[in-house]
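Letters go in sequence order (proteins before strands), and every chain restarts at 1.
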Amino acid sequence: MRKGQLQIQETILVVFIFIVLIALGLVFFYRFQLQSIQSEIQEYEHDHLSTLLVSLPESPEFSCSFRGEKGHCLDTFKLLAFSEVSGKDSSFFQRFGYMNISVYSLYPSSSVPCSSSQFNSCGVWTIYSRLPEDKHLILGKEVLDSPVSLYFPDTDSYGVGLLVVEVYGR
Amino acid sequence: MKKGQIEMIGLVLVVLLLLVGALFYLRFSFSPSTSVSSPSDLDVVRASNLLVALSHLSLSCKEEREEVSSLLVRCAHGESFCGVSSCSYLEEQLDPLIRGLGFRDYFFWVVFEDDTFFHLGACSLGIEPGTYTLFAENERYEAHFRICEL
C-alpha cells in the first residue's frame with residue numbers, strides 16, 4: 001500500500017471517530033433534555049395537584065356555610081349534589097381533566113358509597129371521576145390526599161374525612 | 001518526537017475521549033428518575049387541615065355528643081364525658097384517627113394558660129404548620145400539631 005493511500009485511510013478513520021463522538025454527544029444531549037422536560041412536567045403536575053387539594057375544600061361547590069358565612073368544612077349534601085351533576089356536565093372536564101376526586105369518611109367510619117338513594121350512613125363520595133377511554137394511554141398516576149372536616153347537615157354534626165385526588169398522566 | 005509517536009498520542013486521546021463520553025452516557029442513562037418537588041409544603045397543608053378537622057369533630061357516646069373543642073375545655077377543667085375523664089376519652093378516640101390518616105409519628109398538644117394539659121404522641125423534631133386557637137367560655141386554648149415522620 002502506498003503512503004498516500006495510508007494517509008487517506010487514516011483521515012477516513014479520524015473523520016469516522018469524530019462523527020461517532022458527535023452522534024454520542026447528540027444522543028446524550030437528547031436524553032438529558034428529555035429527562036429534564038419530564039421532571040418539569042412531573043413538578044408542574046404535582047404543584048397543580050397540591051393547589052387543587054388546597055382550593056377544592058374552599059370552593060363554594062363543596063364548602064359548608066352558615067347564614068352565608070363560609071366555614072372550614074365540606075358539606076356532605078353538596079358533595080352528593082355535585083357528584084350527581086359532574087358526570088353529566090362536560091364543562092367539568094375542562095376544569096379537572098382526567099382525574100378522580102373522592103372523599104372518604106373516617107369518623108364516623110363507613111365504606112358504603114353515597115348516592116341520592118343512600119345518603120344516610122354512607123361514607124364514600126365520588127365527586128368526580130373521569131378516566132381516559134383507552135387505559136393503555138395512562139402513563140402514570142399521582143395520588144395526593146388531605147384530611148378534611150365533614151359537615152353532616154341532617155344531624156348537624158361534624159366528622160373527619162380524607163379528600164383523595166388522583167391524576168392520570170397521559 | 002517522531003511522526004509515529006505523535007499519531008499514537010492522537011489515537012490515545014481519541015480513545016480517552018470516547019471512554020469519557022461512554023461513561024457520561026452510562027451515568028445518565030441508568031440514573032433513577034427522582035421527583036424534584038419537596039412534599040413538605042403539602043405536609044404543612046395536611047397537618048393544618050387536620051387541626052381544623054379535629055377541632056370541629058363531633059364525638060358521640062350513647063346519647064351524648066360533643067365537639068372536640070368542647071371536650072378539650074372539659075379536659076382542661078378535669079370534667080368527665082361518657083363515664084370517663086374527658087382527656088382519656090379524647091386520647092382513646094383521636095389517636096387511632098390521626099394514625100389512620102397516615103401521621104405515624106406526631107405530637108399533638110393543647111396549651112391553656114402556658115400549661116400543656118393535653119397531649120398525644122411524642123416527637124421532638126418535625127414540621128409545625130402553626131397553631132389553631134380555640135375560644136371557649138372566654139378562655140383561650142392553643143392546639144399545636146407537629147409531624148415528625150409520615
Side-chain angles (χ1 to χ4, degrees), chain A residues 6-7 10 13-14 16-18 20-25 27-29 31-32 34-36 38-47 49-51 53-55 57-58 64 71-74 104 106-109 140 142 144-152 155-163, chain B residues 3 7 10-11 13-60 65-69 93-94 96-103 132 145 150:
Chain A
L6 273 173
Q7 277 180 341
E10 195 184 307
L13 197 73
V14 168
F16 174 74
I17 289 170
F18 189 69
V20 166
L21 273 175
I22 286 177
L24 270 176
V27 169
F28 170 72
F29 179 74
R31 283 188 73 103
F32 186 74
L34 201 70
Q35 216 171 33
S36 141
Q38 275 171 346
S39 82
E40 265 181 47
I41 291 170
Q42 268 183 355
E43 194 183 359
Y44 167 77
E45 280 181 353
H46 183 85
D47 286 349
L49 208 56
S50 308
T51 313
L53 210 63
V54 176
S55 63
E58 296 295 319
C64 58
H72 295 287
C73 49
L74 296 179
Y104 299 88
L106 301 178
Y107 195 100
S109 175
E142 191 172 1
L144 287 183
D145 60 65
S146 175
V148 278
S149 179
L150 297 175
Y151 175 65
F152 301 94
T155 54
D156 190 30
S157 61
Y158 293 89
V160 172
L162 192 69
L163 172 68
Chain B
K3 200 185 168 188
E7 283 188 356
L11 197 68
L13 272 176
V14 167
V15 171
L16 275 176
L17 273 173
L18 272 171
L19 272 174
V20 169
L23 278 174
F24 264 95
Y25 177 77
L26 287 172
R27 161 74 184 78
F28 283 95
S29 56
F30 290 111
S31 67
S33 59
T34 50
S35 178
V36 262
S37 53
S38 159
S40 62
D41 51 343
L42 196 68
D43 290 338
V44 171
V45 172
R46 291 181 79 237
S48 175
N49 286 349
L50 177 74
L51 265 182
V52 175
L54 285 184
S55 60
H56 284 144
L57 175 64
S58 316
L59 294 173
S60 305
R65 195 176 74 196
E66 282 279 6
E67 283 188 16
V68 167
S69 49
Q93 298 290 316
L94 298 186
L97 182 61
I98 295 171
R99 288 186 193 280
L101 283 161
F103 298 96
Y132 188 81
F145 193 77
L150 289 166

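At a 4.5 Å heavy-atom cutoff, Ser109(A) makes no contact with chain B through either its backbone or its side chain. Heavy atoms of Ser48(B) lying under 4.5 Å from chain A are absent altogether. The contact between Val20(A) and chain B is made entirely by side chain atoms (from C-beta outward), counting heavy-atom distances below 4.5 Å. Residue Leu144(A) touches chain B through its side chain alone, counting heavy-atom pairs closer than 4.5 Å. The parts of Leu106(A) that come within reach of chain B are both its backbone and its side chain, each placing non-hydrogen atoms under 4.5 angstrom from that chain. There is no contact between Gln38(A) and chain B, counting heavy-atom distances below 4.5 Å. Within the 4.5 angstrom heavy-atom criterion, atoms from both the backbone and the side chain of Leu50(B) approach chain A.
Scanning all heavy atoms of the two residues, the minimum distance from Phe152(A) to Pro108(A) falls at CE1-CD, 3.9 Å. Residue Pro147(A) comes nearest to Phe103(B) through the heavy atom pair CG-CE1, 4.1 Å, listed as atom of the first residue, atom of the second, then distance.
Residues forming a side-chain hydrogen bond (donor to acceptor under 3.5 Å, both in side chains) with Arg65(B) (at least two apart in sequence, or on another chain): none.
Leu101(B) places a side-chain heavy atom less than 4.5 Å from the side chain of Val160(A).
Each of Leu24(A), Leu163(A), Thr155(A), Leu49(A) has some count of heavy-atom pairs under 4.5 Å with chain B, and the biggest count is that of Thr155(A). Annotation: maximal heavy-atom pairing with chain A below 4.5 Å, among Leu17(B), Asn49(B), Leu57(B), occurs at Leu57(B).
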Practice task
Take Glu66(B) and Leu59(B), measure what side-chain contact (heavy atoms from CB on, under 4.5 Å) needs, and give me the verdict at the end.
Solution key: CA-CA 5 Å; Glu66(B) 282 279 6; Leu59(B) 294 173; 5.8 Å; no

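Using a 30° and 60° split on the angle between ring planes, Tyr151(A) and Tyr158(A) fall in the tilted class, from 30° to 60°.
If you check the side chains of Glu67(B) and His56(B), you find no donor sitting under 3.5 Å from an acceptor.
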